[in-house]
Structures are given as C-alpha cells and as structure tokens.
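This chain uses plain numbering: 1 for the first residue, then up along the sequence.
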Amino acid sequence: MELIDIDELASKFGSFFTDKLFTFSGTDYTVVSFMGIIISIFLVFFISGKIRKILEKKILPKYSKESNFNATVATLTRYVIVVIGLMIVFQSAGINLSSLNILAGAIGVGIGFGLQNVANNFISGLIILFERPIKVGDRIEIGNLVGNVEAISARATIINTNDNISVIVPNSQFTDSQVINWSYHNSIVRFRFAVGVSYNEDPEIIRKLLLEVAKENPAILTDPSAEVLFEEFGDSSLNFVLAVWTKEYINKPIILKSQLYYAIFAKFKKHSIEIPFPQRDLHLKSGFENVRDSV
C-alpha cells in the first residue's frame, strides 16, 4: 500500500492558496488575496451598518429629539463610509483606481441607456434624505396613492395604505411629481364635511347642532375650534360645511367622516331637521288645456 506523502500534500494544498490566479493592473492575485478583498468589502458594509445604527439609536438622540432627522444623518453617514471604505480596500489590494477609467466609461454608457432609471431613483433618494420633503411616518398623497411613509431606501420608498398594503414607489416620483404631505409641519389637519338641509330650516339652529356634534366627538380638537360655514344656496338645499381639526384620525379620515355623519343624522332626527333630496317642480303654463279637460 502506497503511503501518502504528507509533505507533498501540504505543498499542493499551500500552493492552491498562494499560486497566482490572475493579474490585474500589474498586481498578481491569489486565492488568499482575492478572499481578503471579498472579506474586506463585507466588513465595510457590515461595519457601516453598525455605525449607522449606533448613530441613529445612541449618539444622535443626545443632540436631536427628531428621529427622522437622525435617521437621515445616519444613512448619509453610512453612504460616505461605504464609498471611502471601498476606495481604501481597492487601493490596499493594489488596484489602481485610475486604471478603471475605461470601466467607469462603460458603466457611464450603461447608466445612460439601461441604468438611467436606477441612477435617477438613487439620486432622487439622496435628495429626499437631504432635503426631507417626506419623512418616515409622514402621511402623504401622491397621485391616487394615500398612505404613511414606512421606509425610505436608496432606490424606492415604501408607502403603507390604510388597508395595510405596502406599495413600493420609485424615489424619482417624489422629485418629479406633486406630493401632498399631510404632516409636513405637524400632525394636525383640518377636514371638511358637507351637510345639506331643507330651505325650511333655520341656519343658526343648524350651526348650533353641527357644533354640538363636533364638540361631542373626542377626536376633534377644541383648539383650533370647529367651524360651520354656510357654503351656498343649493338647488334643493341649504349647504353647510363642518370644518374640524384632528390629529387622531389623520391616517383614517373616512372613519372620522363616518362617525360625524352618524352623529349628524341622529342629531337632526332628534330635532326634526329635514334632510332634503334633489327634486324638480314642473309648471305647465299653456298648451295643455285639452289634455287637462279630457282627464
């Protein structure tokens, strides 16, 4: 039985890690050096993620109580660390970054054609994080989509609707389109609810009853106070608008609307207030005498 030469086996095993795999930019790379580059890149992303969490959760809250601002600063800091870290890794590995001009030019052409949208969304994400037109937790409306900002990443923003559906929106839409931010300054908003009553009713009584309804709802703020606006003389009704302020139902305005309309209906029924429906009166002046006589 032939004995295994331990020294020869060890030599082959060692040469596997030390033999040249390829040469790039005048530098020879082995399995060991190539694995070192991969591990270094992993550590750059891992350490930058840890630093972002430490900044956002422990350091920045000592100087700012605004969590959205802290998240923005921590995210931008991570981007800077990743860029600098990758440059250090490549330079330490003997990769001359100036020799990557051709590759950078090819990537630039790719961005100009196939990756244009990706680059646009990434830049838009940086603009959102820096200018902060929207923040995590904001109630926004963009197009037909209404919901809360759940997360902002480099490429897209996640919006959570009232139906608990997460919608992923490309960041470029927030810089190219009109965005309504319901909670940009604070979480207090005013909603308006239309109410129509019969021409037989007294507007002052209607105003009093509507203010009572607003006062009885605990979700409606007393400061700023609710208002009742006499909007117009409609075709079939006197039209009023009940304007109320709330911060509890900024995410669920339809729930507040339902509560108020239930209460208004009950209040009007209790006080015998007539809620009209559209109707038309037809007056026949002439030309129908024969028809009238034959009836």
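Side-chain contact check for Phe240 versus Glu231: every heavy-atom pair is 4.5 Å or farther apart. The closest side-chain heavy-atom distance from Ile180 to Ile142 is not below 4.5 Å. Between Ile134 and Ile128, some side-chain heavy-atom pair lies under the 4.5 Å cut-off. Ile188 has its side chain out of reach of Thr246: every pair of non-hydrogen atoms, C-beta onward, lies at least 4.5 Å apart. Using a 4.5 Å cut-off on side-chain heavy atoms (C-beta onward), Gln259 and Asn217 make contact. With a 4.5 Å cut-off on side-chain heavy atoms, Phe191 and Leu256 count as touching. For the pair Val228/Leu211, a side-chain contact is recorded, criterion being any heavy-atom separation below 4.5 Å from C-beta on. Side chains of Phe268 and Ile206 form a contact here, defined as non-hydrogen atoms less than 4.5 Å apart.
Distance alone, capped at 3.5 Å, is enough to place a donor-acceptor pair between the Asn162 side chain and the Asn251 backbone. Ser198 places a side-chain N or O within donor-acceptor distance of the main-chain N or O of Asn200, the cut-off being under 3.5 Å. A donor-acceptor distance shorter than 3.5 angstrom exists from the side chain of Ser48 to the backbone of Phe45, with no hydrogens or angles considered.
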(request) Could you go through the side-chain contact (heavy atoms from CB on, under 4.5 Å) check for Val167 and Val169 one step at a time? (result) CA-CA 6 Å; Val167 182; Val169 182; 4.1 Å; yes
(request) Using the side-chain contact (heavy atoms from CB on, under 4.5 Å) rule, take Thr161 and Leu145 through it: C-alpha gap first, then chi angles, then the decisive distance, then the call. (result) CA-CA 8 Å; Thr161 68; Leu145 177 63; 3.7 Å; yes
(request) Any chance you could lay out the side-chain contact (heavy atoms from CB on, under 4.5 Å) test for Ile47 and Ile81, step after step, and finish with the verdict? (result) CA-CA 9 Å; Ile47 293 174; Ile81 292 175; 5.8 Å; no
(message) Walk me through whether Leu209 and His271 qualify under side-chain contact (heavy atoms from CB on, under 4.5 Å).
(response) CA-CA 9 Å; Leu209 295 178; His271 291 82; 3.8 Å; yes
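What you find for Ala214 and Leu242 is that their closest heavy atoms are CB-CD1, 4.4 Å. The two residues Tyr249 and Ala219 come nearest to each other via the heavy atoms CE1-CB, 3.1 Å. When all heavy atoms of Glu150 and Val136 are compared, the pair lying nearest together is O-CG1, 3.6 Å. Annotation for Ser172 and Thr175: closest pair O-OG1, 3.0 Å, computed over non-hydrogen atoms. Here the closest non-hydrogen pair linking Asp138 and Pro133 is OD2-O, 4.5 Å. Contact record, Gly196 with Pro276: O-CD, 3.8 Å, taken as the closest heavy-atom pair.
Expressed to the nearest 0.5 Å, how far CG of Asn181 lies from CZ of Phe174 amounts to 10.0 Å. Between the CG atom in Leu210 and the CG atom in Leu260 there is a gap of 9.5 Å [rounded to 0.5 Å]. Taking CD1 of Ile250 as the start and CZ of Arg139 as the end, the distance is 7.5 Å to the nearest 0.5 Å. Glu212 contributes atom CD, which lies 12.0 Å from atom CD1 of Ile264 (distance to the nearest 0.5 angstrom). Distance check, rounded to the nearest 0.5 Å: CZ of Arg190 to CD1 of Ile220 gives 13.0 Å. One distance of note links OG of Ser124 with CD of Gln173; it measures 10.0 Å at 0.5 Å rounding.
Arg155 pairs by the salt bridge (Lys or Arg N to Asp or Glu O under 4.0 Å) definition with nothing, not counting sequence neighbours. For Arg52, the salt bridge (Lys or Arg N to Asp or Glu O under 4.0 Å) criterion is met by Glu56, not counting sequence neighbours. Glu274 is linked by a salt bridge (Lys or Arg N to Asp or Glu O under 4.0 Å) to nothing, counting only residues two or more places apart in sequence or in another chain. The salt bridge (Lys or Arg N to Asp or Glu O under 4.0 Å) search around Glu216 returns Lys267, not counting sequence neighbours.
Surrounding OH of Tyr199 are more than 12 heavy atoms belonging to other residues, nucleotides or ligands, all under 6.0 Å away. Within 6.0 Å of the CD1 atom in Ile38, the count of heavy atoms belonging to other residues, nucleotides or ligands exceeds 12. Other residues, nucleotides and ligands contribute over 12 non-hydrogen atoms within 6.0 Å of the CH2 atom of Trp245. When the shell of 6.0 Å around CZ of Phe230 is examined, it contains more than 12 heavy atoms from other residues, nucleotides or ligands.
A side chain to side chain donor-acceptor pair (under 3.5 Å) with Asn171 holds for exactly one of Asn120, Asn121, Asp176, Thr157; it is Thr157.
Residues Tyr262 and Val213 do not share a hydrophobic cluster, clusters being chains of Ile/Leu/Val/Met/Phe/Trp/Tyr side chains in contact below 4.5 Å. Both Phe265 and Ile255 are assigned to one and the same hydrophobic cluster, defined by single-linkage of ILVMFWY side chains at heavy-atom distances under 4.5 Å. No continuous path of hydrophobic side-chain contacts links Phe233 to Val241 [ILVMFWY only; heavy atoms under 4.5 Å]. Linking ILVMFWY side-chain heavy atoms closer than 4.5 Å, directly or via other members, places Val189 and Leu229 in two distinct hydrophobic clusters.
Under the 4.5 angstrom side-chain criterion for Ile, Leu, Val, Met, Phe, Trp and Tyr, the cluster partners of Val80 are Ile84, Ile88. Other residues sharing the hydrophobic cluster of Ile168, ordered by chain and number and joined by side-chain separations under 4.5 Å: Ile158.
Stacking of Lys135 on the aromatic ring of Tyr184 is recorded, both the 6.0 Å distance cut-off and the 45° axial limit being met.
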